[in-house]
Amino acid sequence: MIRVRFAPSPTGKLHLGGLRTALYDYAYAKNQVGKFILRIEDTDQTRFVEGATENLINSLKAMGLNFDEGPTFQSQRLEIYKKYALQLIEQGDAYYCFCTKEDLDVARQRQKELKLPTKYPETCRNLPKEEVEKKLQEGIPYVIRLAMPKDRDFVISDKVRGKVKIDSSLLDDQVILKSDGFPTYHLAAVVDDHLMEISHVIRGEEWLYSTPKHIFLYECLGWKPPIWVHLPLILNENKSKLSKRDGDFSVGNYLERGYLPEAIINFVALLGWNPKSEKEIFDLQYLCENFSFKAVNKAGAVFDEKKLEWMNGQYIRKKPLDELAKMLEKYFVDAGIDISDKEKYLKVIDVAKDYLVRLPEVVQYSQMFYKDLEFATEDFELLNAEDSQKIFKYYFDNLEEGADYEQFVKEASAKLEIKGKAYFFPLRLALFGNSSGPNIPILIDVLGIDETKKRLKNVLN
RNA sequence: GUCCCGUUCGUCUAGUGGUUAGGACUCCAGAUUCUCAUUCUGGCAACAGGGGUUCGACUCCCCUACGGGAUGCCA
């Protein structure tokens with residue numbers, strides 16, 4: 001049974017990198033008819049952010065990534081981790097450490113100065129049993145550290161990177177249980193992944209180097225390790241890991257700015273994976289059906305919003321008109337525009353959709369259909385020109401409800417003997433408030449005969 | 001500093017020893033006989049560098065460079 005988990009820590013909103021991991025988790029689970037599980041890794045009390053868990057869950061739901069199990073909260077499983085930490089001590093695979101933060105800072109500082117690898121000096125690794133007992137008795141704060149083996153190569157067999165060899169002598173005696181009784185990631189993740197029967201650990205590349213510690217833990221506890229899958233990172237423009245500093249990359253932020261969930265999914269899926277074909281526009285179902293780790297890239301991918309914008313436009317234009325219209329309603333309501341005339345509203349959206357990159361822009365592209373036009377002083381030169389006035393007059397006198405507007409526009413041009421820009425610009429300016437924009441017949445159709453004439457009258461001298 | 005991972009157009013990528021190195025975004029030009037947008041067509045643009053291996057390397061090996069990650073009682 002394939003079981004994968006998405007295990008974020010509630011230290012902030014779900015961002016694009018996290019979404020991509022969740023997406024691949026989900027796609028793989030569905031592809032293999034397995035389970036997609038959510039686990040909240042809230043083991044750092046100091047970094048906990050209020051509302052982060054809710055944001056994580058809501059964002060996943062908004063993207064259509066529904067989990068089959070969970071969320072499980074690690075903070076509610078403290079006893080379990082402690083039990084295994086003590087078992088490891090019992091077995092001699094872990095030990096109590098009484099070093100203070102200051103001790104460690106000093107040691108690290110000195111190592112840096114000597115240009116040595118910064119590592120825990122193992123001060124407490126071989127403390128006599130009696131001394132340990134005494135300190136515990138005295139209530140001196142402690143952590144539990146893993147006693148990493150020496151001179152041994154760990155080989156990670158990774159689904160996207162192949163075999164990676166790491167010499168254990170470089171590895172630190174990692175803290176697995178903190179002095180506040182909470183486990184660190186290393187212990188908690190291993191214990192939970194085993195207990196939750198996770199078959200594939202899919203996570204960011206930043207975890208690759210600590211994987212030997214996890215492999216060692218599996219060995220000590222006599223458990224079968226999962227299959228490792230380390231995903232490449234998503235990078236910002238400066239090619240470093242996406243972080244808060246470079247702006248708001250949260251899923252919620254993109255949704256608010258008017259990107260469609262299906263566009264975000266499609267785009268993020270392509271950051272590190274591709275269907276081995278030239279198909280680029282696809283939905284979540286297609287991703288699930290075609291996903292495999294073989295097609296996952298090794299190199300990090302720079303996030304380019306320009307392409308997301310293009311893709312969003314593609315999805316906007318693909319949406320059925322009534323659905324799109326419904327989605328856009330709120331923007332008009334917010335702008336105080338009355339869209340109660342549904343027939344007109346649909347026509348407006350049909351015109352505006354070709355201009356949209358992001359949803360909220362709809363107002364700026366269609367408010368001219370609703371609001372009274374305001375002309376700039378330089379507009380009046382064109383509006384008042386002799387030919388312009390002739391056109392307006394002709395339209396005002398001859399345009400009739402239900403006429404073939406396209407036909408009418410052509411005929412008028414012929415009769416007035418005015419064509420090209422000299423003909424269309426003043427008309428568009430009068431009807432739309434701008435010399436560039438949609439075609440005149442469409443403008444007349446959307447505005448309706450009454451409003452069209454009203455606008456013509458308004459510019460007629 | 002040390003270790004790990006990576007490196008094809010500006011960006012996302014296809015490519016698994018023999019290709020005119022393909023596609024997409026961006027940009028530019030043209031068409032849709034008014035503009036803008038859409039759409040369509042075309043164009044610019046890449047194998048980090050150096051050594052091997054081979055009849056033949058973008059593809060395999062080594063070195064260098066560059067980029068990233070890790071090096072926390074953070075995940």
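Labels below follow one simple rule: chain letters A, B, ... track the order of the sequence lines, proteins then strands, and each chain is numbered from 1.
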### Query
Using atom C1' of each nucleotide, how far apart are B/rG43 and B/rU20 to the nearest Å?
16 Å

### Query
When every nucleotide of nucleotides 68-75 of chain B is labelled 5' to 3' by its protein contacts under 4.0 Å (heavy atoms), B for base, S for sugar-phosphate only, - for none, what sequence of letters results?
SSSSSBBB

#### Entry: A/Arg257 bridged to A/Glu309 by N-O distance under 4.0 Å
no

### Task
Name the nucleic acid region contacted by A/Lys165, choosing base, sugar-phosphate or nothing; use a 4.0 angstrom heavy-atom cut-off, strictly under.
sugar-phosphate

### Donor-acceptor side-chain pairing of A/His194 and A/Tyr218 below 3.5 angstrom
no

### Message
From CG of A/Leu270 over to C1' of B/rG23, roughly how many Å is that when rounded to an integer?
### Response
11 Å

### Query
In whole angstroms, how far is the P atom of B/rC12 from the CZ atom of A/Arg20?
12 Å

### Task
Assign A/Glu113 to base, sugar-phosphate, or nothing according to its heavy-atom contacts below 4.0 angstrom with the strands shown.
nothing

### Query
Among A/Tyr331, A/Phe432, A/Tyr355, A/Phe332, which one satisfies ring pair (Phe, Tyr, Trp, His ring centres under 6.0 Å) with A/Tyr365?
A/Tyr355

### Task
Rounded to the nearest angstrom, tell me the gap between atom CD1 in A/Ile281 and atom P in B/rG23.
17 Å

### Message
Can you see whether A/Tyr81 engages A/Asp192 through a side-chain donor-acceptor pair at a distance of less than 3.5 angstrom?
### Response
yes

### Task
Look at all strands and tell whether A/Gly204 reaches a base, only sugar-phosphate, or nothing, counting heavy atoms closer than 4.0 Å.
nothing

### Rounded distance in Å - OH (A/Tyr423) to P (B/rU33)
16 Å

### Query
Taking CG from A/Leu116 and P from B/rG1, how many angstroms apart are they, rounded to a whole number?
14 Å

### Task
Name the nucleic acid region contacted by A/Arg428, choosing base, sugar-phosphate or nothing; use a 4.0 angstrom heavy-atom cut-off, strictly under.
base

### Query
Counting any heavy atom closer than 4.0 Å, what does A/Asn434 reach on the DNA or RNA strands: base, sugar-phosphate only, or nothing?
nothing

### Query
If we take the C1' atom in both B/rC58 and B/rU8, what is their distance in whole Å?
7 Å

### Message
Could you tell me how far B/rG22 sits from B/rG15 if I compare only their P atoms? Round to whole Å.
### Response
14 Å

### Query
Rounded to whole angstroms, how far apart are NZ on A/Lys421 and P on B/rU33?
15 Å

### Task
Look at the side chain of A/Lys276 against the base of B/rA14 and say whether a donor-acceptor pair falls under 3.5 Å; ignore hydrogens and angles.
no

### Message
Over 60° means perpendicular and under 30° means parallel, so tell me whether A/Tyr254 and A/Phe249 are parallel, tilted or perpendicular.
### Response
parallel

### Task
Quick one: label A/Tyr355 by what it contacts on the DNA or RNA (base, sugar-phosphate, nothing), any heavy atom closer than 4.0 Å.
base

### Message
Return whichever of A/Leu356 or A/Val302 has its heavy-atom-nearest nucleotide of RNA chain B closer to the 5' end.
### Response
A/Val302

### Query
Across all strands, who's sitting opposite B/rC74 as a Watson-Crick or G-U wobble pair, both distances under 3.5 Å?
none

### Message
Quick one about A/Asn236 and A/Ser240 (side-chain donor to acceptor, distance below 3.5 Å, no hydrogens or angles considered), yes or no?
### Response
yes

### Aromatic plane relationship, A/Phe291 with A/Tyr28 - under 30° parallel, 30 to 60° tilted, over 60° perpendicular
perpendicular

### Query
Considering all heavy atoms of both residues, which atom of A/Leu242 and which atom of A/Gly17 are nearest to each other, and what is their separation?
CD2-N, 4.1 Å

### Message
Distance check needed: B/rC34 C1' versus A/Leu429 CG, whole Å only.
### Response
14 Å

#### Entry: Any strand: nucleotide that pairs with B/rU7 via Watson-Crick or wobble, under 3.5 Å
B/rA65

### Message
Would you measure the distance from the P atom in B/rU59 across to the matching atom in B/rA48 and give it in whole Å?
### Response
8 Å

### Task
Sticking with atom C1', work out how far B/rU13 lies from B/rU26, rounded to a whole angstrom.
15 Å

### Message
By nearest atom, which of the nucleotides B/rC12, B/rU35, B/rU11 is closest to the A/Asp304 side chain?
### Response
B/rU11

### Query
Quick one: is B/rU13 close enough that its OP1 or OP2 comes under 4.0 Å of any side-chain N or O from A/Asn274?
no

### Over-ring placement of A/Arg152 relative to A/Phe154, 6.0 Å and 45° cut-offs
yes

### Query
Which whole-number value in Å describes the distance from A/Glu278 CD to B/rG23 P?
7 Å

### Message
Given B/rG1, B/rC36, B/rC12, identify the nucleotide with an atom nearest to the side chain of A/Ser436.
### Response
B/rC36

### Query
Do A/Tyr259 and A/Glu305 have side-chain N/O donor and acceptor atoms under 3.5 Å apart?
yes

### Query
Out of B/rU26, B/rC12, B/rU39, which has the shortest distance to the side chain of A/Lys306?
B/rU26

### Under 4.0 angstrom between A/Gln314 side-chain N/O and B/rU39 OP1 or OP2
yes

### Task
Identify which nucleotide among B/rG6, B/rC34, B/rC4 has an atom closest to any side-chain atom of A/Ile166, counting heavy atoms from C-beta outward.
B/rC4

#### Entry: Pairwise C1' distance, B/rC47 and B/rU16 [rounded to whole Å]
14 Å

### Message
Between B/rA14 and B/rC25, how many Å separate the two C1' atoms, rounded to a whole number?
### Response
15 Å

### Rounded distance in Å between the P positions of B/rG49 and B/rC66
15 Å

### Query
Using purine N1 to pyrimidine N3 plus N6-O4 or O6-N4 for Watson-Crick, or N1-O2 and O6-N3 for G-U wobble, both under 3.5 Å, which nucleotide pairs with B/rA29?
B/rU41

